Amino acid sequence: MNMLEIEKKWQNYWDTHHTFEVKNNDTKPPYYVLVEFPYPSGSGLHVGHVRSYTAQDAIARMKRMQGYNVLYPMGWDAFGAPAEQYAIKNHIHPKEAVQENIKTFKQQMKNLGFSFDWTREFSTTDPEYYKWTQWQFLQFYKHNMAYKATISVNWCPNCKTVLSNEDAAGGVCERCGNAVEQKEKSQWMLKMASYAEDLLKGLDDTNFANKVKLGQINWIGKSKGVEVDIDIVGGGKFSIFTTCIETIYGITFFVIAPDGKLIKELLPRVKNKEEVLKYIEETKKKSNMARTELNKGKSGCELIGIKALHPITKEEVPVFLGDFVLGEYGTGAVMAVPSHDQRDFEYAIAHNLKMKQVIAGKDTTNEAYEKQDYLNVGAKLINSAEFTGLTVEEAKEKITAKLVKEGLARVVNNYKMRDWIFSRQRFWGEPIPMIYCKDCGWVPMAEKDLPLLLPDVAEYLPTDDGESPLAKITDWVNTTCPKCGKPAKRETDTMPNWAGSSWYFLRFMDAHNDQEFASMDAMKYWNRVDWYNGGMEHTARHLLYARFWVQFLYNIGLVPHKEMIWTRVSHGMVLGTNNEKMSKSKGNVINPDDIIKEYGADTLRVYESFMGDYQADVPWSTESLKGCKRFIDKVIRLKDKIGNLTGYQKDLEPLIHKSIKKVEYDTLHLGYNTAISTLMILTNALQNKEAISKEEYHVLLTLLNPYAPHITEELNEQIGYPPLCESSWPKYDEAKTIDETKIIGVQVNGKLRGEVAINTNEEEKSVREKVFNIENIQKYLAGKEVVKFIYIPNKIVNIIVK
RNA sequence: GCCUAAGUGGCGGAAUAGGUAGACGCACAGGACUUAAAAUCCUGCGGGUGUUAAAACCCGUGCCGGUUCAAGUCCGGCCUUAGGCACCA
């Protein structure tokens, strides 16, 4: 039989025996292994998918053999712009394109022998699934967590859609790379910012890798500071937020955001209205990126006629407009202390403004003396009335206390994370189940009427004015108000593709439930996701959205834990042989189908496990892949060495027990490459024997099975054992993992001068005797006095001489 | 600029608690088998001094310092690369 036939044979066996299908009421302990479900793109499975699916498959298969009821599910995240773009280009319904792609993906996964429970498969585009996505949106709405707001949003003129801040990172559209513009639009929002503190705290109840946690923390972006009220001369006031209250005596002007609310209030009192309005208009045209780039020169203008009072000294201070202040962040106004903030410093230079140094320790004529330099170095205040002479740290506390006591300020936490813009002007997404009635306003659809299906239409191009394609389908849009029964209109925006992926891992726990999104019993049985693997690029946003979604469901009593994901790990990319990201245009794409055809699925799986540090990017190497093929061939040939022996040969016993221990450990600690190398070492050792026993061969096959499931099943059957997928993982005996003898290094004054063979745990006295008999060691001891003899049992000897 | 991760042979990488640096694999070189090739097997493989061959010695984990009997690993200061964030107040 050739490789492909063997692979087919066992894939069929697993299918017909329902080997990987799991029940929710099993008495075995549950174990839930999850990989990010893919977006089924037209280009098929990427070798990068193979890397992480194989790694998690190895965990799943090993855990099964160890007696767990392992849930390893797969599904499809199929809403979103690429499918819609593809459909528009090829004049087919996105649904058809998606179905086609799913078929390809699924076949490729089957060809690789991944042990998914296919009975739980679903796509986010299935009405039976998005019914519950819509239902959950209604819960957000009913718990006052969803609202509509007219806001300045990121608008991509090319994709004709609104983007979240996250999607528009860097001021360019994530999808098409076009510059993002600002546009006023009415959008559905989810109150994610109100969960900032909970999302931060929740991290303590997870086992995420440290860098993943840090990613979350950075996105949430908590900063502690003081919000200070500022009176405007002639009436009115505004607030500023600062993290550097110690520099308050250094204020020489205020700057407010041109896109904020405050300027609208102040405008009637401004004397240079024309200049100000012109500047506001200019700002609107700039995307965040342009705003960043163009403002090297610190643009802005003074609000003539407006003066504000310094909160403590009550001196009159000028107020400026500047687009480096963002309307949406903090209070949309800042105190400017040019001597202690480089950005303020540059603005002051550009507009010829006064400066006042209030912290001693550096000359501030040419640049500001900033907090990263003056904090924690004992710097003291100057020019600060009664606070002069205090250290910066003391002043921070005392100034805050004074302002708070006088009712002028509040200690607040500020978060970068904002509410989630939840509307998209697209066709290919979950319709938002809301109805607008002239009399009743926004009314949620009745839950019993869900799902609100996407209409089957021929035309799904977005309109030029930014309305969703759904707006054109009048018989879908026109409906009646669920409250008063009068004619009303449906919301035509759809949900972002982050929506469906925010809770899919819950659905896998109870994929066919038509009464609820997943039953509490099912979720309690599976408990939570034990392993969640995905790309680093999703560890910030997707994970944050998913955690927010789950925490909300928890707060309304619908899921058993506030955090439903325990361990999150991320894998490195598989790069082209030239060390660059694989892409069609670079011509460095490796297609897994070709590799399977030529070398077999097991070779591909072993190679991708072995190729390098799992968390780091690795370039593809076909030469290295061939080495893995050689390894598998070697394992196959080893069968011919089986002789008339039974049990483990004495001298192999420690290696076998060590190998079990190491493969087991490495498989659960991202050490897939060292697990494979351990198996190579074991294989080499067996090969060096005249003959081996069936038991020895069987243990090798069992250990290799999670990585190379087809060939190991086949060889295992040939030597007369029951299928490995129904067998147990071997147990190692800790006592037997220890070698009887060991060779350790001998150093003199910390330099390696020889080695010595010792018995494990040999007494120092006898080791000492051996060591002093080594000729080369004697050379170094001659005529010297031994000051100290260091023996670290089973590790090293170091002799210190004088 | 800030945050995070990383920097080890020709290459991918290993070293799980500070204890013989370079496991395992690739590439390469030499040899065996073969009419030949492929496959397979054996040997070598960080740099250098040295030797008939060994032995032995010196240098070596981005750079400079430090702690320690002992540092790829810990500490301080730099440099470089990748990813993320960024006029964030």
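The model shown is predicted, which means the values in this text are computed figures rather than measured ones. Every chain is numbered from 1, with letters handed out A, B, ... down the list of sequences.
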**Message:** Return the CG to CG distance between A/Leu652 and A/Leu682, rounded to the nearest 0.5 Å.
**Reply:** 8.0 Å
**Prompt:** B/rU40 P sits how many Å from A/Ile636 CD1, rounded?
**Reply:** 12 Å
**Message:** Under 6.0 Å from the ring centre and within 45 degrees of the ring axis: does the NZ or CZ of A/Arg768 meet both conditions for the six-membered ring of A/Phe789?
**Reply:** yes
**Asked** Can we call the ring centroids of A/Phe238 and A/Phe254 under 6.0 Å apart?
**Response** yes
**Message:** Please report the interatomic distance CD1(A/Ile632) to CG(A/Leu704), rounded to the nearest 0.5 Å.
**Reply:** 7.0 Å
**Message:** Considering every strand and a 4.0 Å limit on heavy-atom distances, what is the contact class for A/Glu775: base, sugar-phosphate, or nothing?
**Reply:** nothing
**Message:** Using heavy-atom distances to pick each residue's nearest nucleotide on RNA chain B, tell me which of A/Asn218 and A/Asn579 is more 5'.
**Reply:** A/Asn218
**Request:** Just compare B/rA89, B/rG25, B/rC88 and give me whichever is closest to any side-chain atom of A/Lys634.
**Result:** B/rG25
**Request:** Send over the distance from A/Arg343 CZ to B/rG1 P, rounded to a whole Å.
**Result:** 17 Å
**Fill in**
Residue pairs meeting salt bridge (Lys or Arg N to Asp or Glu O under 4.0 Å), one or both in residues 607-620 of chain A, sequence neighbours left out, come to none
**Prompt:** Roughly how far, to the nearest 0.5 Å, is CG of A/Leu700 from OG1 of A/Thr683?
**Reply:** 4.5 Å
**Prompt:** Taking the side chain of A/Tyr780 as its heavy atoms from C-beta onward, which of B/rG12, B/rA23, B/rA56 lies nearest to it?
**Reply:** B/rA56
**Request:** Taking syn as within 90° of 0 and anti otherwise, name the glycosidic form of B/rA29.
**Result:** anti
**Complete:** Stems for RNA chain B (at least 3 consecutive Watson-Crick or G-U pairs, under 3.5 Å) come to B:1-7 with B:79-85, B:10-12 with B:24-26, B:28-32 with B:40-44, B:46-49 with B:56-59, B:62-66 with B:74-78
**Whole-Å C1' distance, B/rA6 and B/rA54** = 41 Å
Detail all sub-3.5 Å separations between protein N/O atoms and N/O atoms belonging to nucleotides 16-19 of chain B.
residue, atom, partner, partner atom, Å
B/rU16, O2, A/Tyr665, OH, 3.0
B/rU16, O4, A/Lys662, NZ, 2.5

**Request:** Indicate the atoms forming the closest heavy-atom contact of A/Asp344 with A/Ala336, along with that distance.
**Result:** OD2-CA, 3.3 Å
**Asked** Under 4.0 Å: is that the gap between some side-chain N or O of A/Arg541 and OP1 or OP2 of B/rG84?
**Response** no
**Item:** Closest heavy-atom pair and its distance - A/Pro318, A/Glu302
**Value:** CB-OE2, 3.5 Å
**Request:** For B/rG10 and B/rC45, measure between their C1' atoms and round to the nearest Å.
**Result:** 11 Å
**Complete:** Comparing A/Met611 with A/Leu752, nearest RNA chain B nucleotide closer to 5' gives the residue A/Met611
**Ring centers of A/Phe631, A/Phe610 separated by less than 6.0 Å** = no
**Request:** Using a heavy-atom cut-off of under 4.0 Å over every strand shown, decide if A/Asn776 touches base, sugar-phosphate, or nothing.
**Result:** sugar-phosphate
**Message:** Suppose the criterion is salt bridge (Lys or Arg N to Asp or Glu O under 4.0 Å): which pairs have a residue in residues 666-682 of chain A, not counting sequence neighbours?
**Reply:** A/Lys662-A/Asp666
**Request:** Look at all strands and tell whether A/Ile743 reaches a base, only sugar-phosphate, or nothing, counting heavy atoms closer than 4.0 Å.
**Result:** base
**Complete:** A/Ile681 has its side chain closest, among B/rC88, B/rC57, B/rA23, to B/rA23
**Message:** Please determine whether the number of non-hydrogen atoms from other residues, nucleotides or ligands lying under 6.0 Å from atom CD of A/Gln687 exceeds 12.
**Reply:** yes
**Request:** Please determine if a side-chain N or O atom of A/Gln615 lies less than 4.0 Å away from the OP1 or OP2 oxygen of B/rA6.
**Result:** no
**Asked** Nearest heavy-atom pair of A/Ile692 and A/Leu686: which atoms, and what distance?
**Response** CG2-O, 3.5 Å
**Prompt:** Which residue pairs pass the salt bridge (Lys or Arg N to Asp or Glu O under 4.0 Å) test with at least one member in residues 780-792 of chain A, sequence neighbours excluded?
**Reply:** none
**Request:** Write down the distance separating the C1' atoms in B/rC26 and B/rG76, rounded off to the nearest Å.
**Result:** 39 Å
**Asked** OP1, OP2 of B/rG25 versus side-chain N and O of A/Asn684: anything below 4.0 Å?
**Response** yes
**Prompt:** Any side-chain N or O of A/Arg637 less than 4.0 Å from the OP1 or OP2 oxygen of B/rA39?
**Reply:** no
**Between B/rG25 and B/rG9 - C1' atom distance, rounded Å** = 14 Å
**Asked** Roughly how far apart, to the nearest Å, are B/rG22 and B/rA14 at atom P?
**Response** 15 Å
**Prompt:** What's the closest nucleotide to the A/Asn673 side chain, out of B/rA14, B/rG25, B/rC57?
**Reply:** B/rA14
**Message:** If we check side-chain contact (heavy atoms from CB on, under 4.5 Å) with A/Val797, which of these qualifies: A/Val748, A/Val771, A/Ile774, A/Ile758?
**Reply:** A/Val771
**Message:** In this structure, how many angstroms lie between the P atom of B/rA89 and the CD1 atom of A/Ile240, rounded?
**Reply:** 13 Å
**Asked** Rounded to the nearest Å, what distance is computed from the NE2 atom of residue A/His542 to the C1' atom of nucleotide B/rG84?
**Response** 18 Å
**Message:** Please report the distance separating the C1' of B/rU61 from the corresponding atom of B/rC3, rounded so that it comes out in whole Å.
**Reply:** 26 Å
**Asked** Should B/rG10 be called syn or anti, with syn set as within 90° of 0?
**Response** anti
**Message:** Do A/Asp229 and A/Ser239 pair up side chain to side chain, a donor and an acceptor below 3.5 Å, judged on atom types alone?
**Reply:** yes
Taking only nitrogen or oxygen atoms into account, show me every contact under 3.5 Å that the protein makes with nucleotides 26-30 of chain B, one pair per line with its distance.
residue, atom, partner, partner atom, Å
B/rC26, OP1, A/Arg630, NE, 3.0
B/rC26, OP1, A/Arg630, NH2, 2.9
B/rA27, OP1, A/Glu623, OE1, 3.1
B/rA27, OP2, A/Arg630, NH2, 3.1

**Message:** Please report the distance, rounded to the nearest Å, between NZ in A/Lys784 and C1' in B/rC69.
**Reply:** 15 Å
**Message:** From CH2 of A/Trp219 over to C1' of B/rA86, roughly how many Å is that when rounded to an integer?
**Reply:** 11 Å
**Asked** Think A/Arg753 has a side-chain N or O under 4.0 angstrom from the OP1 or OP2 of B/rA56?
**Response** no
**Message:** Say we look at B/rU49 and B/rA37: how far apart would their C1' atoms be, to the nearest angstrom?
**Reply:** 42 Å
**Item:** Integer-rounded Å distance: B/rA89 C1' and A/Asn413 CG
**Value:** 15 Å
**Sugar-phosphate, base or nothing in reach of A/Asp341, heavy atoms under 4.0 Å** = nothing
**Request:** Using the C1' atom on both, measure B/rA71 against B/rG18 and round to a whole Å.
**Result:** 7 Å
**Item:** Residue A/Ile800, side-chain heavy atoms: nucleotide from B/rC57, B/rA14, B/rC69 that is nearest
**Value:** B/rC69
**Fill in**
Which of B/rC24, B/rC3, B/rA14 is nearest the side chain of A/Thr674? It is B/rA14
**Message:** What is the separation between atom CZ on A/Phe610 and atom P on B/rC11, rounded to the nearest whole Å?
**Reply:** 17 Å
